[in-house]
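Here's the structure, in structure tokens; my notes come after.
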Amino acid sequence: MAILQIRKYPDRVLSTKASEVEDIGGEIVDLANSMLETMYKAPGIGLAAPQVGRSIRLIVFDIGHTEGEPEPHIVVNPVITASEGEDIQEEGCLSLPGIYASVKRAYAVELKGYDLEGREITMQAEGLLARVIQHEVDHLDGKLFVDRMSKVRRNLLLKRYFRNLEK
Ligand code: K1U
Ligand code: ZN
């Protein structure tokens with residue numbers, strides 16, 4: 001496994017819609033495991049393949065590892081099939097380091113996709129887990145959390161981001 005380079009805004013891969021994974025072979029298994037390793041090292045609680053330069057529909061997440069109870073998830077071709085409620089919480093993004101903002105998202109979601117053996121999986125998630133899943137699926141659609149706010153707020157945050165990069 002390997003630690004991969006995390007692409008940062010405004011890398012074009014982050015605004016490109018990712019393609020479906022056609023075959024779950026050894027290359028996808030290695031990539032998924034390297035993504036987990038990269039996420040743990042960052043540290044982060046989620047990572048999508050475009051963030052490591054691969055425009056394919058593959059995400060990993062684990063909200064337990066920061067509290068010593070790892071529960072890694074790898075989902076190929078994830079689809080949010082249902083969502084419920086509303087929740088506003090602060091979030092960050094490993095591709096936009098140093099900026100954080102409150103984002104409105106569904107409180108609970110149902111996620112379908114495939115595991116690395118090609119078996120269909122369904123997950124119910126709420127709270128932080130649901131938020132991370134929505135954030136990662138957004139990455140696959142070329143969307144960042146700053147795209148989910150007003151233009152004024154988005155521009156303010158991006159100004160701060162570029163200012164921090166110069167320091
Ligand atoms: O996809 C990413 O950019 C990763 C991102 C996921 C995320 C975080 C918060 C809300 C929604 C989605 C991160 O992991 S940012 C880092 C982070 O949240 C964190 C890092 C260490 C400990 C706890 C949290
Ligand atoms: Zn992100």
Side-chain angles (χ1 to χ4, degrees), residues 1-19 21 28 31-80 83-111 113 123-149 153-162 164-165:
M1 297 313 105
I3 301 295
L4 307 170
Q5 191 199 339
I6 298 179
R7 302 293 183 96
K8 306 289 187 312
Y9 179 84
D11 193 313
R12 282 189 63 170
V13 72
L14 298 169
S15 53
T16 303
K17 190 175 164 71
S19 310
V21 173
I28 295 294
L31 175 63
N33 286 313
S34 293
M35 283 171 60
L36 273 178
E37 207 178 328
T38 303
M39 177 193 78
Y40 288 136
K41 175 148 188 279
I45 52 177
L47 198 65
Q51 291 181 280
V52 293
R54 297 293 310 274
S55 197
I56 56 171
R57 303 188 81 81
L58 169 66
I59 61 172
V60 302
F61 48 95
D62 184 346
I63 64 163
H65 76 97
T66 57
E67 276 153 23
E69 285 187 35
E71 202 188 332
H73 294 276
I74 295 170
V75 186
V76 179
N77 294 337
V79 179
I80 293 173
S83 54
E84 209 177 281
E86 247 178 46
D87 191 28
I88 300 175
Q89 296 292 335
E90 192 161 89
E91 54 188 78
C93 179
L94 296 174
S95 296
L96 276 165
I99 65 166
Y100 303 88
S102 296
V103 182
K104 184 158 85 176
R105 295 197 186 268
Y107 176 71
V109 297
E110 179 182 79
L111 181 74
M123 273 182 77
Q124 313 290 337
E126 56 180 45
L128 178 60
L129 187 57
R131 176 166 295 273
V132 176
I133 288 169
Q134 292 171 84
H135 179 113
E136 302 314 330
V137 172
D138 268 359
H139 273 301
L140 304 184
D141 293 328
K143 207 172 227 191
L144 297 173
F145 76 97
V146 290
D147 299 322
R148 291 208 167 264
M149 52 189 68
R153 242 179 107 216
R154 179 178 186 276
N155 288 343
L156 205 83
L157 283 167
L158 291 178
K159 214 180 240 176
R160 194 179 303 159
Y161 168 72
F162 285 118
N164 288 347
L165 283 187

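Index from 1, following the sequence. Counting starts at 1 for both ligands and their atoms, following the listed order.
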Mutual orientation of the aromatic rings belonging to Phe162 and Tyr9 [parallel < 30°, tilted 30-60°, perpendicular > 60°]:
tilted

Met123 to Ile133 - nearest heavy-atom pair and separation
CE-CD1, 4.3 Å

Starting from atom 10 (C) of ligand 1, what is the nearest protein heavy atom, named by residue and atom, and what distance separates them?
Glu91 CB, 3.2 Å

Is ligand 1 less than 4.0 angstrom away from at least one heavy atom of Pro43?
yes

Check if Gln51 has a non-hydrogen atom at a distance under 4.0 Å from any atom of ligand 1.
yes

State, to 0.1 Å, how close Asp87 and Arg131 come at their nearest heavy-atom pair, and which atoms those are.
O-NH2, 2.9 Å

Polar proximity ligand 1 side, Ile45 side, N/O cut 3.5 Å exclusive:
yes

Where do Leu94 and Pro43 come nearest, in terms of heavy atoms and distance?
CD2-O, 3.8 Å

Measure from atom 4 (C) of ligand 1 to every heavy atom in Ser95, Gly46, Gly92 and give the option owning the shortest one.
Gly46

Using a 4.5 Å cut-off on heavy atoms from C-beta on, say whether the side chain of Leu128 contacts that of Ile45.
yes

List the closest protein heavy-atom neighbour of atom 6 (C) of ligand 1: residue, atom name, distance to the nearest 0.1 Å.
Glu136 OE2, 3.5 Å

Please tabulate, for side-chain N and O atoms in residues 97-109, each donor-acceptor pair with protein atoms closer than 3.5 Å (sequence neighbours left out).
from, atom 1, to, atom 2, distance (Å)
Arg105, NE, Glu91, OE1, 3.0
Arg105, NE, Glu91, OE2, 3.4
Arg105, NH1, Asp138, OD2, 3.0
Arg105, NH2, Glu91, OE2, 2.9

Report, in ascending order of atom number, the atoms of ligand 1 lying under 4.0 Å from any heavy atom of Leu94.
2 (C), 3 (O), 4 (C)

For residues Met39 and Gly46, report the shortest heavy-atom separation together with the two atoms involved.
SD-N, 3.3 Å

With the Zn ion (ligand 2) at the center, what angle do NE2 from His139 and SG from Cys93 span, rounded to 10 degrees?
110°

Please identify which atoms of ligand 1 are closer than 4.0 Å to at least one heavy atom of Thr66.
22 (C), 23 (C)

His139 touching ligand 1 at heavy-atom level, < 4.0 angstrom:
yes

Say you draw a straight line from CG of Asn33 to CD of Glu37; how long is it, rounded to the nearest 0.5 Å?
8.5 Å

Quick check: Gly44 and ligand 1, any N/O pair under 3.5 Å apart?
no

